[in-house]
Structure formats: C-alpha cells, structure tokens
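Any value given below was found using the heavy atoms of this structure, including those in side chains, with hydrogens, waters and symmetry copies removed. Reminder, nothing fancy here: chain letters follow the sequence lines and each chain counts from 1.
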2 protein chains.
Amino acid sequence: MASKENPRPGGRSARVQAAVHQAVREMLARMERADVTIPLIAQRANVTPSTIYRRWGDLQELLADVSASRLQPETEPLKTGSAWMDLQAWAEQYADEMSSGAGRQMIRDILAVSDTANAEKCSGYTQQQLRVIVARAEEQGEAFPTLTELMDFVISPIMYRILFDQVPSNDYIHGLISRVMPKVAASPEIAEITADVSGV
Amino acid sequence: MASKENPRPGGRSARVQAAVHQAVREMLARMERADVTIPLIAQRANVTPSTIYRRWGDLQELLADVSASRLQPETEPLKTGSAWMDLQAWAEQYADEMSSGAGRQMIRDILAVSDTANAEKCSGYTQQQLRVIVARAEEQGEAFPTLTELMDFVISPIMYRILFDQVPSNDYIHGLISRVMPKVAASPEIAEITADVSGV
DNA sequence: GGCTAAAAGCAAATAATTTGCGTTAGCAAC
DNA sequence: GTTGCTAACGCAAATTATTTGCTTTTAGCC
C-alpha cells in the first residue's frame, strides 16, 4: 500500500508523491503531530484527500513512508583515520538523531505500521553505514567486530533504550563500543585513544 | 490520558475499564486489527463511544493500554535448578511470545503512542523478571551477568530483531546468552550444560 | 441517607474516510 | 505528431468516526 518504486517515474504520480511528502515534512515541523490530518496535508499539497487515501491508505502509513525516506542517510560515515573512531563518532551521531524528539517519532511511525517494509529499509540503512566502516577496518587491517556484532551489541541496546526508556549518553555508547571491540582494544595504545575520544 | 490508577477503584469506572479491555481482547482475537474501531468496541462493551474517547483519547492509546496490561507477566520465571538455565528458558519463551504475530502487534501498539508510560511499564516487567533470575544466581553464588548486561546484550538484540527484521531463533538466543555469561561459562562443566540445552 | 463531583449516557454537530464515476495525462504504437 | 490505453487523479455524495454540550448516574464521603 505504501508508495512503491516508480510506477510512472517522471510523471504526475511522482510530483504528487513529492508534494505530499513535502507537505507532511513542513506540517510536522510546524505543528503538533496530533493535529496533522490527511485533509490538511492534502490541502497543503494541492491534492484531494482521496488521492492520499488511495495511495497510502491512512495517516500512519503515510507517516511511516515519509519517515523512512527521511532516515535514509545522505552521506557516508565520516572518516577520522581509524575505523574505531569512525564507529564511535558515527554511533554518537546516530543515537543523537534517533533520540531527539523528531527522531523518536519517526522510528515510532515506522514501527507502528504492520507492514514491516519500512522498518526493514530503516534497519538496512543502518547496516549499510556500518558496512562501510567495517570495510574500512578490513582494508587497513584493523581488528574489528563483525556487522552482526555491531548490530546486536551496539545498535540494538541504543535503540532499545530510545524506544523503551531513556536516551543513551555518549558515555554509554562508548561503553558499548569498548565492549564489542576485539580484545586488542584493551592494549594501552588503544586505551589511550579511547580516553581521548570519550573526553570529547 | 491513558487509564491511570484507580480514580474510583471499586466502582463503575472499574467495570467500564474491564468491559472495554475485555471487548478489545475479544475483538483482536476474532477479527482483523484494521477493522477494530472504537464504535465497535463500545458496542461490544455496552458502553457509549464517547466514554471511550473521553477516557482513552483514541484507538491507539486504548490499544497501547490493553497491550501493556496483557504483557504483564503472571508468573515468575520457571526454576530449573541453575540460574543459567532459568535464563535460557525464560528468554526463549520471551522471544517466542514477543515474536508471534500477536506479540509483535502488542509491542507496536505500545511503542506507537507518544506517551512512553506504557513502554516503560513493559520494559519494567522484563527487568522485574530478570531480577528474579539474577537474585537466584546470587543466592546460589552462581557467577552471573548484571541486569543491565542482560538488558543490553540479550533483551535488546532480541527486541531489535523482532521489531526490524526477523524472528530470533533459539540458537540465536543461546548465542547471546553464552556471550554475556562470565568467562566461567567457558569451563568444560558449563560448556556441557550449554550443549545439552542448545540441543533441546 | 443526603451531598458532591467524577464518570457515563445521549444526541446533535463536526470532521474524517470511503466510494462511484468522470477526467487527466503519461506512455507507447503507429 | 496523433491516437489509444490505462493508471492515477479530482470531485462529490454517502458513510462512518469523532467531538462536544448537556443531562443523568453513582461512588465516595460526611
């Protein structure tokens, strides 16, 4: 039901989709989420409500669709020199984005819908970013956790906290990463880097 | 807005709440979730819709409320002899319940609402159960992870997978638990138990 | 037993959603 | 280009859900 890939790529359909997405983003920025309705969105996007109902089904699916597209990363993880630090910096930014009011709401909107396509897409984005960092580590021969380990022991705890209780601090994230790093990370040299970064 | 604690414990209010909860549970069991509406619930509960609107606000909050109450555990974790095995058995059951269609839907309903009270309650239930197991381990002098470690490295990865992609297998859970156990778990004696359990 | 206020019922008013049908506009074949 | 085809859109009527003002019930308290 959610807006799938290019039914008629260059045409009116695409323009409508863009206008609706745009309208939703603007409205979410300007008003209470509870006050956002399909008729209002339709009005702002210069579209009839029935178009939105037919294409997205209901408000939840539309919001999930918009949120998923907003969570698509636009850049690769920053390159700091060591994959370890890339990971630390990336994870902090990830947690920051996701635990902000807007970020939490986007995740909720994505998870609320029974169709898991958007949730999978979102998790896919995360994995894509992490893969880049893992690949860098490999290139440089740095000892590094696998993608699965990162998802299970860094991303998952962060996401759980965001969803169920509190926002994860940078110290907390740092602890997760230290723990998942290969034992080499306990060597004095790396410990020093660790101290540096956690002090930022 | 969600039904808080005892405004007038013994009276009509409580009866209405019970009737509405009951109606929701029955309807969720008998029909498509998308077809459940407040007017229908009201009818089945012999209550006017405006009562539900005033008390819960909207369908999402009502469903979140009902789901949270359904997730409250009724029994303590089973006692198998070792805290380690208690944990394994409990985590498997937890993952099973949560990854079933109904379980996933309940979690989604709880997370969908912006008020995090229900989500916290739900996470609280989990921690309560785990605390029982941790306490048993302590009593018996068994080496055991902390509650925080269990939440971060066992519960969180399970929940992430349920929410974002696939259902966690028992083998996967077993792997998580092995990994979080103190190094003692690598001793031959425990390794043997491990093999037994994973074979179940 | 009577008072009080919170919660429920009722019904009218408003708003959202669905639906049938006519219209528009990409796309392709010619 | 022009034409034909069809997916997607617009429009408006019908349906359904939600809100709201007012009345009635009833639990808790003296």
Side-chain angles (χ1 to χ4, degrees), chain A residues 1-24 26-28 30-66 69 109 112-115, chain B residues 1-24 26-28 30-66 69 109 112-115:
Chain A
M1 192 64 60
S3 110
K4 291 288 173 244
E5 314 322 321
N6 321 348
R8 280 181 166 182
R12 180 164 62 161
S13 208
R15 282 200 305 280
V16 167
Q17 136 120 10
V20 170
H21 272 230
Q22 179 65 17
V24 170
E26 289 172 7
M27 295 187 69
L28 286 179
R30 282 164 186 64
M31 49 194 293
E32 288 294 317
R33 188 168 171 296
D35 298 334
V36 175
T37 65
I38 287 187
L40 282 179
I41 294 167
Q43 183 173 24
R44 179 176 266 265
N46 273 110
V47 153
T48 52
S50 63
T51 293
I52 297 182
Y53 286 116
R54 280 205 243 257
R55 240 175 108 164
W56 282 278
D58 61 17
L59 182 59
Q60 288 202 330
E61 294 207 54
L62 172 55
L63 291 178
D65 187 40
V66 171
S69 83
D109 287 338
V113 159
S114 70
D115 174 13
Chain B
M1 193 62 61
S3 112
K4 292 286 172 248
E5 316 321 321
N6 322 347
R8 281 183 166 181
R12 180 166 62 163
S13 209
R15 283 200 305 279
V16 167
Q17 137 120 10
V20 170
H21 272 230
Q22 180 65 19
V24 169
E26 289 173 8
M27 294 186 70
L28 286 178
R30 282 168 187 61
M31 50 194 293
E32 287 295 317
R33 199 199 121 73
D35 298 333
V36 175
T37 65
I38 288 188
L40 282 179
I41 294 167
Q43 183 172 25
R44 180 177 267 264
N46 273 111
V47 153
T48 55
S50 63
T51 293
I52 297 181
Y53 286 116
R54 282 207 239 259
R55 241 175 110 162
W56 282 277
D58 62 15
L59 182 60
Q60 288 201 332
E61 295 207 53
L62 172 56
L63 291 178
D65 186 41
V66 172
S69 83
D109 288 337
V113 161
S114 68
D115 174 12

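The shortest heavy-atom contact between A/Ala19 and A/Ala45 is O-CB, 3.6 Å. Listed here is the closest heavy atom pair of B/Leu40 and B/Met27: CB-CE, 3.6 Å.
Between A/Arg15 atom CZ and C/dA25 atom C1' there is a gap of 9 Å when expressed in whole angstrom units. Taking atom CD of B/Gln17 as the reference point, atom C1' of C/dA6 lies 16 Å away to the nearest angstrom. If you measure from atom CG of A/Leu59 to atom P of D/dT18, you get 13 Å, rounded to the nearest angstrom. The distance from atom CG of B/Leu62 to atom P of D/dA17 is 15 Å, rounded to the nearest whole Å. Residue A/Ile52 contributes atom CD1, which lies 10 Å from atom P of D/dC9 at whole-angstrom precision.
Over its length, the helix from C/dG1-D/dC30 to C/dC30-D/dG1 turns its helix axis by 40°, as judged from the five terminal pairs at each end, rounded to 10°.
Summarising the local packing, CD of A/Gln43 is surrounded by 12 or fewer heavy atoms from other residues, nucleotides or ligands at distances under 6.0 Å.
Judged by distance alone, with hydrogens and angles left aside, the side-chain atoms of A/Asp58 form a donor-acceptor pair with the main-chain N or O of A/Glu61 at under 3.5 Å. A donor-acceptor pair under 3.5 Å links the side-chain atoms of A/Arg30 to the main chain of A/Glu26, judged by distance alone.
A salt bridge does not link A/Arg55 to A/Asp65: none of the charged side-chain nitrogens sits closer than 4.0 Å to a carboxylate oxygen.
Sorted by residue number, the members of residues 35-48 of chain B with any non-hydrogen atom under 4.0 Å from DNA chain D read B/Thr37, B/Ile38, B/Pro39.
In this structure, CZ on B/Arg33 lies 6.5 Å from CG on B/Leu59, to the nearest 0.5 angstrom. Atom OG1 in A/Thr51 sits 11.0 Å away from atom CD1 in A/Ile38 (nearest 0.5 Å). Atoms OG and CD, on B/Ser69 and B/Gln17 in that order, are 7.5 Å from each other to the nearest 0.5 Å.
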With the criterion being N/O to N/O and under 3.5 Å, what pairs connect the protein with nucleotides 19-23 of chain C, and how long is each?
unit_1: C/dG20; atom_1: O6; unit_2: A/Arg54; atom_2: NH2; d: 2.4

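In this model, the phosphate group of D/dA8 is not approached by any side-chain N or O of A/Arg55 to a distance below 4.0 Å at OP1 or OP2.
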Task: Full working for side-chain contact (heavy atoms from CB on, under 4.5 Å) between A/Leu28 and A/Val36 - done: CA-CA 7 Å; A/Leu28 286 179; A/Val36 175; 4.1 Å; yes

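Residues A/Trp56 and A/Val20 have side chains in contact (heavy-atom distance under 4.5 Å, counting atoms from C-beta outward).
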